[in-house]
Amino acid sequence: MNESLSLNARLYEQVALIRRTEEVIAEIYPSDKIKSPVHLAIGQEYICAAVIEHLKASDYACGTYRGHGVYLAKGGSLNSMMAELYGKSTGCAKGRAGSMHLVESQHGVIGMSAVVGTGIPVAVGYALAIKQKKTTDVVVVFMGDGATEEGCFSESINFAALHKLPILFVCENNQLAIHEPIDKRWATPHITQRVSTYGIPTKQFSKPDIFAIHEYVGEQIKQMRQGAGPCFIECFTHRWSEHVGPNEDYDQGYRSLEAAEPWRKNDVLITLGETLAPALRDSIDTKIETKIQEAVNFAEQSPFPDPKELYDYVYAK
Amino acid sequence: MNESLSLNARLYEQVALIRRTEEVIAEIYPSDKIKSPVHLAIGQEYICAAVIEHLKASDYACGTYRGHGVYLAKGGSLNSMMAELYGKSTGCAKGRAGSMHLVESQHGVIGMSAVVGTGIPVAVGYALAIKQKKTTDVVVVFMGDGATEEGCFSESINFAALHKLPILFVCENNQLAIHEPIDKRWATPHITQRVSTYGIPTKQFSKPDIFAIHEYVGEQIKQMRQGAGPCFIECFTHRWSEHVGPNEDYDQGYRSLEAAEPWRKNDVLITLGETLAPALRDSIDTKIETKIQEAVNFAEQSPFPDPKELYDYVYAK
Amino acid sequence: MSTPNSTRLLKYYEALNEGAAQAMSEDHRVFMMGLDVDDHKGIQGSTLGLVEKFGAERVFTTPLSEDAMTGVAIGAAMAGQRPIHVHIRMDFMMLCMNQLVNIAAKSHYMYGGTVQVPLVVRTMIGKSWGQGAQHSQGLHAMFAHVPGLKVVAPSNAHDAKGLTIQAVRDNNPVIIMEHRLLYSTESYVPEKPYVVEFGQSRVVEEGSDITIVAISNMVVEAIRAAELLSAQGISVEIIDPVTISPLDSATIEKSVDKTGKLLIVDNGWLNCGISAEISARVAESEIITRRVQVKRLGFAATTCPTTPTLENAFYPSPKSIAMAAMNLCNPQSSWEPNDAQCELAYQKQFKGPF
Amino acid sequence: MSTPNSTRLLKYYEALNEGAAQAMSEDHRVFMMGLDVDDHKGIQGSTLGLVEKFGAERVFTTPLSEDAMTGVAIGAAMAGQRPIHVHIRMDFMMLCMNQLVNIAAKSHYMYGGTVQVPLVVRTMIGKSWGQGAQHSQGLHAMFAHVPGLKVVAPSNAHDAKGLTIQAVRDNNPVIIMEHRLLYSTESYVPEKPYVVEFGQSRVVEEGSDITIVAISNMVVEAIRAAELLSAQGISVEIIDPVTISPLDSATIEKSVDKTGKLLIVDNGWLNCGISAEISARVAESEIITRRVQVKRLGFAATTCPTTPTLENAFYPSPKSIAMAAMNLCNPQSSWEPNDAQCELAYQKQFKGPF
Ligand SMILES: Cc1ncc(C[n+]2csc(CCOP(=O)(O)OP(=O)(O)O)c2C)c(N)n1
Ligand SMILES: Cc1ncc(C[n+]2csc(CCOP(=O)(O)OP(=O)(O)O)c2C)c(N)n1
Ligand SMILES: [Mg+2]
Ligand SMILES: [Mg+2]
């Protein structure tokens, strides 16, 4: 993240980097070079970009199997991520994780999990460790709407609120779990209200307003660093791609392109880009393309792990 | 339950039967004849008495390891329960369950579990079956305050509300889980408010008002039988005995007798008994003593299971 | 399978689907629940069309709440219904352990025979295309460890249907462990409802030199290995236990008494696995009169890695099976089948990633 | 245990307590959490006084949320702390399986060695006085099945302390399986911190006629059985694996190579249990040169009943162990120890119900 840029430019840079990276992943995907299920977050990137903009290097962020954006926004190396998707030994997990379990400990990227909801309490554990170590770091944990249905979500919120832990819970509510709409899963849409009964600040964002999210989160994280305890936000959003894989799937019948239109028309990449001077925007775009191309080259040229390494890392020494 | 009695007398009879049964269990306990951990609900009986008074034989009730009261109120045989505590083959589970896993299918007593919270979704499953069978039966499931901390509580409420299942959730909030006070476990005391965000009727009873509980539940169950969906009530209450075992334990330092006084002074057994004509009350009391003595005799005289039966009931035929 | 009198070829997922459909047609108490059972992909086709046929009351998705939903299925089963609860991966069943182990497995016994839990749990093992650590586990041993649960593992379409129907009819909790890579495999499947009985190991191929017991899709790999070995003059008897628990070990013991050599190939880890159990049964056998040589193969004792080079080394393959068998039969041999011969069955059929 | 140079007798629960206290003193990152660790009973004494000594920040109870609390402990461990998470019964760990199996066991591997999970989970097996189906399970096999987890089972006070300290120092998730009936047993326990190394089986008693491998409190029962057998002229070698996983089977194999007879007595079910694993290792042993007779004892293949008559038949006892051993050594023998000789150790010491 380039600190000399304006906020708009910094946010744009982040959203654009994530968007373009995932688009390139989708392009490469049919070649079968990426032998990993990929869950793209195209259209949703503005949330992690807005939130993570407030984090220091020593803070933590945890995403899900749909975690490319969180990984990149938190400062994870694009080269290592791309190599990981390719299953190469230069990957962030040396080829053992693929796209679903990204990690980069040096940059505070908490290891992500492909079992829905499991990352939530783990992230709370990081927040507990911060409290015990008495630093001012914070943790942000991202989750889908589906993840909030898992019991561990309620358990985690309660514990974090009880111990006033420095953690921000971010629910990216795209109204879908795979192909199942939210009204087949939630008795009511009142999750934000529900979480507020734990006595913590909460806020719902029903529009893709990156600045509103950015502002609210900034204030909350500042207070969190001073011991205010956890916070929860729910951001309505829209997933452009199929649940897993490189394509769009509005033709599959379980959702309509019409319903998607308000979201697609208000694509943050575009609305945010329009606030920048064209020259600045172009230079950012160009830099991003170069960076992504380098990462692809890096991944392609890196070696696969040697089968002899199979038994490495079963136990830590 | 004697239908010819007045409501007050019926409720008194139920509360007194449960109270006296548990007191007798406590008396016998030091003899080691009851080789089962017993969790007494002395002081809390009025809740299940008030609620279950509305249930028909074909309705269901599920308690916990602290379930003598639920079992008896729902019509479970006292003889079978006492024999079960003694580990006898005439017990309601033929000696395989002890006090913690009471069951009596003929009377709609759902099998109880000693793993906190696990009975909640199981009871919801009964309610789902009722809906599928299209009968007007209902289910009541009892749980402690501690059980609401388990993820399956939130999961169960959501599912029951989503499918409008005929189930009443009753939280007996005695502010304790074993010896741990509620403020070490709950971030806030707003559980009733939280559950109402699932879009179902809820009510909190902060006093031991058996008639208030009885009235509210009656109205709710009536609507439930007509398809209104689930309901949740939270009843503050007080556990007179130690968590497990026959004794009181105010001398153990984790709670005070002073704090207990308001509860013990307003003992429903006494306040309710005072509303009855002394002669009626005496006749109920006498009948209860006889019944309990018969059950103890039955238990004492029943045989233990033959060791050869060990392998019976591993698999259903 | 046991000479099915059918000439109709069906895919494994079609057979699962037909088994469920017939079970639901023949008993109105049967219903199906689970994440995504009613969407347009229908659990890789295995539930497709069921919601149209039986309605949303009997075929419905659930919230992401595996723990409570398992309890709900158990409660419904206790109340007289016959639920089929579907999980798209076995790994996610770790969220259901409390209900399955502490309630489903124990209720009939703990409640003195007064309660039954006729619950079916369908669950799938994933493999390949980077499914990795959390989408690949074969955890049948954990369930087989617990009295009161039954565990079956169809290795072909015929068994997929027959075991499904038997599982629904059984009055106990039954876990059906399916395998993603078997979904597109075909076998002869009768159209009428039929059952594959539990607790009967099947001799898939008769042979005299060595017994190979293989679990789930490892049956397919073992058949390929047996082809390779046959070319080397080694006659393999392949046994598919079909039911992991309760296990019919007598069939295995009889075979081992004949061959004197046993290779067990599991679709899971070895440590405290079903391969250990089979080995232990053989060691305690009252049928076997001779000294037996035993060897186990299964998942490497590591977490499953995503990258192909490591993943290939993680799983048993026709090659590693054949070589292990050869080593038991002829320890001096340095035979190694060539790679072209060893191409895995699934590599032709399965296109990932899920 | 290995001739501990101490003359101080300590009870098992005191040793657990001292081990935790010393581990916490020597490393400020160590903390303890779990239901009731800070109450006046202190997990049967094993955590008593720790909250006074180390404060409520480092010793605290939790909500009844085993699943999330396990995740929290894992996260804290990943972030550099060293949690000890306590469960009063192993049965309740079924609620933690997802976090333990899918996260704790896999993280170091799945994240390519960049993350460590130095988590200790203390858990207790219950027995007797009607604890029954859900307060009695020994589920170590499930954990041993999963690469990445370590499982240890102290059978005496000396090991209780040494394994606790080693578990805290280890950089992996370690499950310490304790036994309620061992809590009041005493052994010599050095005052200074010391470790019992993982992965080393211990020869508890040397003998020549038969090897008995016993797990957890079954070591105590096996010692009593060996006394009975010794009076019959049978010399028993007793081995306590100490570490269930990773298992040191070489020590067992060497003993079996000497005795030719192996009786494995587990504190859990047989099917896919550690007893099966030990038997399988022996069958595949490269150390053993002779034919071996093997027999397993453990929980009956039922749910644990509460009533004493059935419960007695559910568990292995000195009597059933001695008779099984005799049967291996001398199949013709009809010897049966008399009941007075067979009184169980715990019957003298343990007063229930919890
Ligand atoms: C515990 C568990 N159950 C089911 C699945 C299968 N699954 C993978 S992603 C997913 C949907 C999750 O939806 P949500 O949390 O809203 O996240 P989104 O994919 O929409 O970002 C499901 C059900 C899983 N991975 N883990
Ligand atoms: C899952 C689980 N965790 C822990 C325990 C140990 N335990 C038994 S009762 C109990 C307290 C439960 O408190 P609450 O739900 O309020 O019920 P109460 O005993 O007060 O009636 C605990 C923690 C258990 N039995 N099951
Ligand atoms: Mg979603
Ligand atoms: Mg309570």
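Just so it is clear: chains get the letters A, B, ... in the order the sequence lines come, proteins before strands, and each one is counted from 1.
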Answer yes or no: is there a side-chain heavy-atom contact under 4.5 Å between A:M100 and C:H135?
-> yes
Closest approach of A:P37 to C:G130 (non-hydrogen atoms, all atoms of both residues) = CD-O, 3.3 Å
Contacting moiety of C:D39, where chain A heavy atoms sit under 4.5 Å = both
Tell me, for C:F314 versus chain A, whether the close heavy atoms (under 4.5 Å) come from the side chain, the backbone, both or neither.
-> both
So, for C:S65 and A:E150, which heavy atoms are closest and what is the spacing to 0.1 Å?
-> CA-OE1, 4.0 Å
A:K184 versus C:D38, closest heavy-atom pair with distance = NZ-OD2, 2.8 Å
Do the side chain of C:T306 and the main chain of A:A97 share a donor and acceptor less than 3.5 angstrom apart?
-> yes
Interchain contact, A:A114 with chain C, by part (heavy-atom threshold 4.5 Å) | both
What's the spacing between A:T118 OG1 and C:M94 CE if we round to 0.5 Å?
-> 13.5 Å
So which bits of residues 310-317 of chain A come within less than 4.5 Å of chain C, counting non-hydrogen atoms only?
-> A:L310, A:Y311, A:V314
Considering only heavy atoms from C-beta outward, does the side chain of A:R96 approach that of C:L310 to under 4.5 Å?
-> yes
Is there side-chain contact between A:E180 and C:D36, with at least one heavy-atom pair below 4.5 Å?
-> yes
Relative to chain C, which segment of A:V116 carries a heavy atom at a distance below 4.5 Å: side chain, backbone, both, or neither?
-> side chain
Counting only heavy atoms closer than 4.5 Å, note whether A:S113 contacts chain C via side chain, backbone, both or neither.
-> both
Residues of residues 83-92 of chain A with any heavy atom under 4.5 Å of a heavy atom in chain C | A:E84, A:G87
Under a 4.5 Å heavy-atom cut-off, does chain A meet the side chain of C:T62, its backbone, both or neither?
-> backbone
